[in-house]
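First the structure, in the form of structure tokens, and then the observations on it.
Chain identifiers are assigned alphabetically (A, B, ...) following the order of the sequence lines, protein sequences preceding nucleic acid strands; residue numbering begins at 1 within each chain. Please read all numbers here as calculations on a predicted model, not as lab measurements.
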Protein chains: 2
Amino acid sequence: MLKAPQHQVAGHEAGIGKLGPLVDESGRFYKPLQGDERGANEVAFYSSLSTNSGIPEHIQRFFPTFYGTQLVEASDGSGLLPHLVLEDLALGRVNPSIMDIKIGSRTWAPEASEKYIQKCLKKDQESSSLSLGFRISGLQIYRSKELGFWKPGKKAAQKLSTEEVKLVLRRFVSSNTLNDLDSRPDCAFASTVYGGSTGILSQLLELKSWFEDQTIFHLYSCSILVMFEKELALKGKNPGAQIKLIDFAHVYEGRGVIDHNFLGGLCSLIKFISEILTAPNECRIEASAKADQKNLTADNGVVADHKSHTASDNGVVADQKNLTVSDNGVVVDQKYLTNSDNGVVADQKNLTASNNGIIADLKKLTDSDNGVS
Amino acid sequence: MLKAPQHQVAGHEAGIGKLGPLVDESGRFYKPLQGDERGANEVAFYSSLSTNSGIPEHIQRFFPTFYGTQLVEASDGSGLLPHLVLEDLALGRVNPSIMDIKIGSRTWAPEASEKYIQKCLKKDQESSSLSLGFRISGLQIYRSKELGFWKPGKKAAQKLSTEEVKLVLRRFVSSNTLNDLDSRPDCAFASTVYGGSTGILSQLLELKSWFEDQTIFHLYSCSILVMFEKELALKGKNPGAQIKLIDFAHVYEGRGVIDHNFLGGLCSLIKFISEILTAPNECRIEASAKADQKNLTADNGVVADHKSHTASDNGVVADQKNLTVSDNGVVVDQKYLTNSDNGVVADQKNLTASNNGIIADLKKLTDSDNGVS
């Protein structure tokens with residue numbers, strides 16, 4: 001008996017009239033084949049994986065197991081449809097915390113059509129992809145039996161600012177995520193989930209080594225799924241920290257060149273995770289936490305446990321954006337900042353600006369240089 | 001007495017009616033300040049460099065020494081103009097071989113204006129930047145006292161294909177560059193110039209380590225200058241292999257994020273150089289060398305020692321492009337390929353395709369997917 005997966009954080013979701021993935025009880029995940037070339041591409045990629053001698057065994061484990069394709073009843077009731085049959089990555093996991101992180105500042109290949117490039121470029125610009133080299137496509141963080149998951153809307157997740165992404169990566173491994181607005185992430189599970197010889201960072205570094213060398217594939221719009229189980233971590237057990245690569249509809253041949261786009265984004269993510277391990281008690285983001293979390297409100301129906309703060313989205317958050325733009329020492333909207341308890345952030349920005357000396361001026365100059373060759 | 005530098009390979013060149021850099025006899029290099037914000041940006045960047053505690057000493061050495069700004073008589077005869085005063089990187093070098101490599105698949109910042117982004121994107125697409133993560137902005141390779149330098153036109157250099165860039169990186173460290181058309185690069189100086197504990201690769205790896213960590217600057221449209229002296233290498237002396245970072249008109253604040261764009265491109269260059277050191281006698285590119293070199297013809301007046309092959313630019317080279325597109329086993333223009341002695345290349349491409357198994361099909365599928373989301 002096929003049913004909608006419980007722990008889908010990004011991509012299409014199965015539902016009444018909605019085409020999405022399905023799972024069975026034996027641990028298989030059925031992903032509807034996209035009717036156009038994307039589906040065929042993904043089949044071709046998975047088919048080539050297990051026999052590709054260029055992918056060493058310790059890297060093969062980062063890809064989901066592939067069981068071929070199969071005609072199954074589509075989730076939207078439209079009848080039999082071909083599906084990719086993959087390993088169900090959430091199988092056996094109870095209340096997993098999951099992040100879907102799309103890697104690369106560019107989600108399009110140089111070979112793509114101009115129309116497609118412009119479409120993707122816009123998405124990359126509007127999300128954090130262009131600035132950070134990756135974007136969080138979706139996530140769920142387990143809080144407790146009573147509260148269930150914290151699961152921000154997908155659109156909100158993709159548009160997080162740099163500081164917000166840093167905050168989410170901290171919240172992901174924190175025990176105090178019960179109250180959205182007050183908590184400062186304690187990063188209680190950072191060392192067991194991100195750290196250690198089998199932790200997330202170690203796995204990301206293995207992947208990085210391979211991407212520094214491999215010239216077989218260029219993976220555009222591909223995600224790294226990051227998972228662990230908070231309840232196991234709380235019991236002092238192995239939390240099952242694991243990464244998997246998913247979504248291969250836009251894979252191209254490497255043709256003797258490394259995937260510098262994926263690698264750059266991966267290194268950016270690695271830097272963020274490393275910083276959390278180096279300074280789990282780092283408080284720089286504390287003051288911005290309240291405002292940031294307001295930005296993380298639901299934009300669809302999947303959030304059951306999150307009070308709506310959408311109304312204030314254009315208040316404090318907007319002010320923070322102003323702050324970023326005007327960080328040359330002059331804080332324009334000081335009154336708003338004070339109102340929203342962001343005084344500390346303002347000071348920190350000033351601090352940063354004056355630490356860099358002339359760099360603050362540089363920023364200003366650079367900003368006004370945009371129209372010039 | 002100021003004069004035009006002898007070894008300028010990219011950027012503006014000084015001449016009658018042309019504004020370009022100048023050098024004096026004491027080892028200073030005068031770069032005209034661009035009148036718009038780019039000039040101010042570059043001054044701000046250089047001014048901040050020496051006092052920036054975030055740049056360790058072993059990284060400081062990769063930047064040219066900065067001596068402030070000065071009003072000097074412009075090279076175009078337009079009178080006194082402010083110039084950046086920098087270290088003359090070619091000082092004391094006799095007949096240096098030089099490459100100017102612009103790093104990053106993207107030469108524009110996310111903060112840039114839409115107009116500027118589209119302009120740069122086009123250049124990145126037309127050059128090798130987008131595909132390789134870097135482009136050769138200009139180069140000169142010393143051949144002999146009689147023949148002087150091999151100095152392809154700047155426009156040609158920037159548009160080199162992947163295989164052509166690989167070839168140029170080999171030619172750069174080869175002794176047999178006397179005859180443009182016949183020689184297969186022997187990579188005679190690869191181990192002394194690219195290799196060793198003080199060689200180019202080692203320096204690039206130092207830079208890479210720093211870029212994996214530093215979040216101070218994002219360097220767009222910045223170049224790595226690679227230099228050495230062939231005559232010293234021939235005499236068994238230290239060839240003075242050195243890299244320097246230049247061109248900082250488009251530097252932005254890092255704001256807590258690594259420069260994943262620069263890092264990705266740098267890793268791509270490192271991979272190419274590593275491959276030459278691992279397999280200096282690699283012959284895969286031999287057959288394409290003749291055709292590739294035809295593409296490297298002059299597009300301006302600086303080349304004195306290079307016979308014109310421009311007439312055949314649309315012949316063999318064009319065919320090779322077709323070959324690349326059709327490398328699924330079916331070589332469309334076989335007759336042309338045979339004519340131009342590219343049979344070997346065709347076979348090798350087929351070999352690559354069938355090594356990857358289903359990947360060849362994947363390419364085909366992917367190509368036709370361009371218009372689809």
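- Note that CZ of B:R106 and OG of A:S105 are 4.5 Å apart. Values are rounded to the nearest 0.5 Å.
- Heavy atoms closer than 4.5 Å to chain B are found in both the backbone and the side chain of A:D213.
- Taking both residues in full, the closest heavy atoms of B:E212 and A:K271 are given as O-CD, 3.9 Å, listed atom of the first, atom of the second, then distance.
- You'll find the side chain of B:R255 stays beyond 4.5 Å of the side chain of A:T162, heavy atoms only.
- Heavy atoms of A:Q125 lying under 4.5 Å from chain B belong exclusively to its side chain.
- Ranked by non-hydrogen atom pairs under 4.5 Å with chain B, the options A:S131, A:S221, A:G265, A:A109 are led by A:S131.
- B:I258 has its side chain within reach of A:C267: a pair of non-hydrogen atoms, C-beta onward, lies under 4.5 Å apart.
- Counting heavy-atom pairs under 4.5 Å between each of A:L130, A:T51, A:L266 and chain B puts A:L130 at the top.
- Using a 4.5 Å cut-off between heavy atoms, B:I270 does not touch chain A at all.
- Both the backbone and the side chain of B:L132 have a heavy atom closer than 4.5 Å to some heavy atom of chain A.
- In this structure, no portion of B:K122 lies under 4.5 Å from any heavy atom of chain A.
- Interface remark: B:T215 contributes side-chain atoms only to the contact with chain A (heavy atom separation under 4.5 Å).
- Nearest heavy atom pair, residue A:H260 against residue B:S129, reads CE1-O, 4.5 Å.
- Partners of B:F272 according to the ring pair (Phe, Tyr, Trp, His ring centres under 6.0 Å) rule, which considers only residues two or more places apart in sequence or in another chain, are B:F134.
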